[in-house]
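Each remark here refers to the structure printed beneath this line.
Letters go in sequence order (proteins before strands), and every chain restarts at 1.
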There are 2 protein chains.
Amino acid sequence: MNDRSHPVLIVGTGRGNEAAILNAALDAFGAEGFNGASMRDVAKRAGTSLSNLYNYFPSKSDLLAEVLRHANDELSARVRRAVADAGDDAAPRLREAVRAYVGFVVDHQLAMTVSTNEVRYLRGESRERLTAARDATQSLVAEIVADGAADGTFATPHPADAARAILSMVGAIAAWYRPDGRLSRGQLAEQHARYALALLEAPLPH
Amino acid sequence: MNDRSHPVLIVGTGRGNEAAILNAALDAFGAEGFNGASMRDVAKRAGTSLSNLYNYFPSKSDLLAEVLRHANDELSARVRRAVADAGDDAAPRLREAVRAYVGFVVDHQLAMTVSTNEVRYLRGESRERLTAARDATQSLVAEIVADGAADGTFATPHPADAARAILSMVGAIAAWYRPDGRLSRGQLAEQHARYALALLEAPLPH
DNA sequence: ACCGGGTGTGAACGATCGTTCATGTCGAGC
DNA sequence: GCTCGACATGAACGATCGTTCACACCCGGT
């Protein structure tokens with residue numbers, strides 16, 4: 001049991017069963033959807049009791065919010081790290097950002113799926129906090145595109161929307177990717193980096 | 001009431017309240033998700049009684065399956081029509097296919113959202129039937145890409161996956177498009193047609 | 001005149017939901 | 001040795017769920 005094809009998203013948090021509960025919630029929400037999964041499902045997957053969940057999270061919604069926060073934190077950290085090591089030119093910076101983004105989607109496919117499909121079930125402040133955090137992550141890519149468009153590296157006449165198109169295309173990988181499929185993790189990242197640069201009308205190697 | 005910014009997806013079907021129920025189910029599933037929306041919600045939106053729904057559809061799942069079938073039928077018809085009038089060359093054929101696809105997403109944003117987000121709650125035969133129908137629709141675009149790659153119109157080294165990337169990018173419009181936003185329906189279609197051709201590494205007008 | 005099927009309704013069933021509560025254990029700090 | 005908070009449990013609450021049922025209305029064919 002617990003033999004996964006991907007790294008665990010949430011590691012020890014200091015509190016007793018918190019990480020186990022969060023990972024269980026990720027699995028449950030991913031398998032059945034937020035409304036389809038019950039707190040009893042989450043408890044069973046986490047190997048604890050139903051009522052104990054409420055010692056860690058005040059409600060099912062808060063549990064979802066915490067899961068999504070951890071997912072975006074990891075994605076954001078990966079993209080930030082990749083871009084920081086990519087020099088100053090827009091093209092290689094974008095290439096590395098896309099490769100990092102694809103890497104997250106492959107490594108944490110379920111987290112990406114839950115992030116895109118279930119965020120709409122959050123309400124109020126937690127919804128806004130998460131949307132803002134996700135926008136910040138996406139801005140990492142959008143700024144590279146804007147820089148490249150400004151200095152002529154990217155010739156696309158619509159750079160502002162192109163960033164969103166690229167992120168949509170990359171995020172959607174989570175909906176169809178299978179680890180045992182035709183494409184390896186590396187090939188997938190390479191292909192999508194090229195798609196992104198082509199879409200931006202950047203010069204490509206032949 | 002019933003003052004919509006988009007055309008109604010399902011029109012009269014011959015049976016009494018069938019179309020009203022299907023459109024109500026589309027609205028309910030779109031607003032709350034399949035598991036979040038109740039049959040009582042659907043009945044209220046359709047202006048009929050809870051038990052009467054079961055005179056038309058044997059279960060909530062069958063109701064979802066019918067909604068998704070109508071949505072894909074309309075999308076498929078639009079793309080087919082557009083491609084049929086687009087001549088023989090791959091580039092204009094792809095352009096018209098993407099424009100038609102974007103047009104559907106804009107005109108039936110909720111249907112597109114429900115189609116992508118809720119299809120996973122179908123099980124068994126209805127799930128397979130719908131997946132097959134959706135694959136057939138997507139193949140309309142995939143075949144154009146394959147033809148264009150074969151005759152050299154599209155220079156991308158990865159044509160098979162490029163079609164999926166394009167459809168992901170276009171389908172994702174449903175997640176963010178707002179009718180009162182910066183982009184008109186026509187501009188959105190034009191931009192995405194260009195994104196698609198650029199991604200395929202086709203020659204572009206300057 | 002009657003009858004059967006399509007269409008409609010309100011009440012009800014058993015199951016499951018998110019959440020709360022009373023209670024228990026256990027180890028760290030005084 | 002005692003206390004207190006963190007962690008854990010099973011039972012229970014009221015609400016809501018999908019579905020079924022018994023029963024009515026209406027109308028075209030006999």
Side-chain angles (χ1 to χ4, degrees), chain A residues 10-68 114 118-127, chain B residues 10-68 114 118-127:
Chain A
I10 295 124
V11 294
T13 58
R15 292 187 67 191
N17 258 334
E18 194 179 38
I21 292 172
L22 286 167
N23 286 306
L26 173 60
D27 289 347
F29 295 157
E32 315 281 352
F34 176 69
N35 282 309
S38 68
M39 291 297 268
R40 288 164 179 83
D41 291 339
V42 175
K44 199 161 294 180
R45 286 176 194 265
T48 183
S49 68
L50 168 62
S51 45
N52 195 29
L53 300 184
Y54 291 89
N55 286 326
Y56 293 87
F57 305 97
S59 75
K60 192 184 181 187
S61 288
D62 289 88
L63 182 48
L64 174 62
E66 273 308 281
V67 170
L68 298 186
V114 172
E118 318 296 337
V119 73
R120 72 194 190 106
Y121 297 113
L122 291 181
R123 310 273 140 168
E125 191 207 356
S126 63
R127 160 83 152 271
Chain B
I10 295 124
V11 294
T13 58
R15 290 188 69 190
N17 257 335
E18 193 179 40
I21 292 172
L22 286 166
N23 286 305
L26 173 60
D27 289 347
F29 295 156
E32 315 281 351
F34 176 68
N35 281 309
S38 68
M39 291 296 268
R40 287 164 179 82
D41 291 338
V42 176
K44 200 161 295 180
R45 286 176 194 263
T48 182
S49 69
L50 168 62
S51 45
N52 195 30
L53 300 183
Y54 291 89
N55 287 326
Y56 292 88
F57 305 97
S59 75
K60 193 184 180 188
S61 288
D62 289 88
L63 183 48
L64 174 62
E66 275 307 283
V67 169
L68 297 187
V114 172
E118 318 297 337
V119 74
R120 74 195 190 103
Y121 298 113
L122 290 181
R123 310 274 140 170
E125 190 207 355
S126 62
R127 160 83 153 273

Given atom [atom1] of [X] and atom [atom2] of [N], what is their separation to the nearest angstrom?
X     : N      : atom1 : atom2 : value
B:N55 : C:dT7  : CG    : P     : 8 Å
B:E18 : C:dG8  : CD    : C1'   : 16 Å
B:Y54 : D:dT19 : OH    : P     : 4 Å
A:Y56 : C:dG18 : OH    : C1'   : 19 Å
A:K60 : C:dC17 : NZ    : P     : 8 Å
B:F57 : D:dT20 : CZ    : P     : 16 Å
A:L64 : C:dG18 : CG    : P     : 12 Å
B:L53 : D:dC17 : CG    : C1'   : 14 Å

Reckon [X] has a side-chain N or O less than 4.0 Å from the OP1 or OP2 of [N]?
X     : N      : result
A:N17 : D:dA8  : yes
B:R15 : C:dT7  : yes
B:T48 : C:dT9  : yes
B:S38 : D:dT16 : no

What nucleic acid atoms does A:S49 come within less than 4.0 Å of, heavy atoms only: base, sugar-phosphate, or nothing?
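The answer is base, as A:S49 lies within the cut-off (heavy atoms under 4.0 Å) of a base atom.
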
So, does the side chain of A:R40 form a donor-acceptor pair with the base of C:dG18 at under 3.5 Å?
yes

Could you check whether the side chain of A:S51 and the base of D:dG10 have a donor-acceptor pair of N or O atoms closer than 3.5 Å, going by distance alone?
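Looking at the base of D:dG10, it does pair with a donor or acceptor on the side chain of A:S51 (distance under 3.5 Å).
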
Does any part of the side chain of [Y], heavy atoms only, come nearer than 4.5 Å to the side chain of [X], both counted from C-beta?
X      : Y      : answer
A:K60  : A:Y121 : no
B:R120 : B:F34  : no
A:E18  : A:L22  : yes
A:M39  : A:L63  : yes
A:V114 : A:L64  : yes

Map A:L50 and B:A37 onto DNA chain D by nearest heavy atom, then report which one ends up closer to the 5' terminus.
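The answer here is A:L50.
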
Taking C:dG8, D:dC7, C:dG18 as options, the one with an atom nearest any side-chain atom of A:N52 is D:dC7

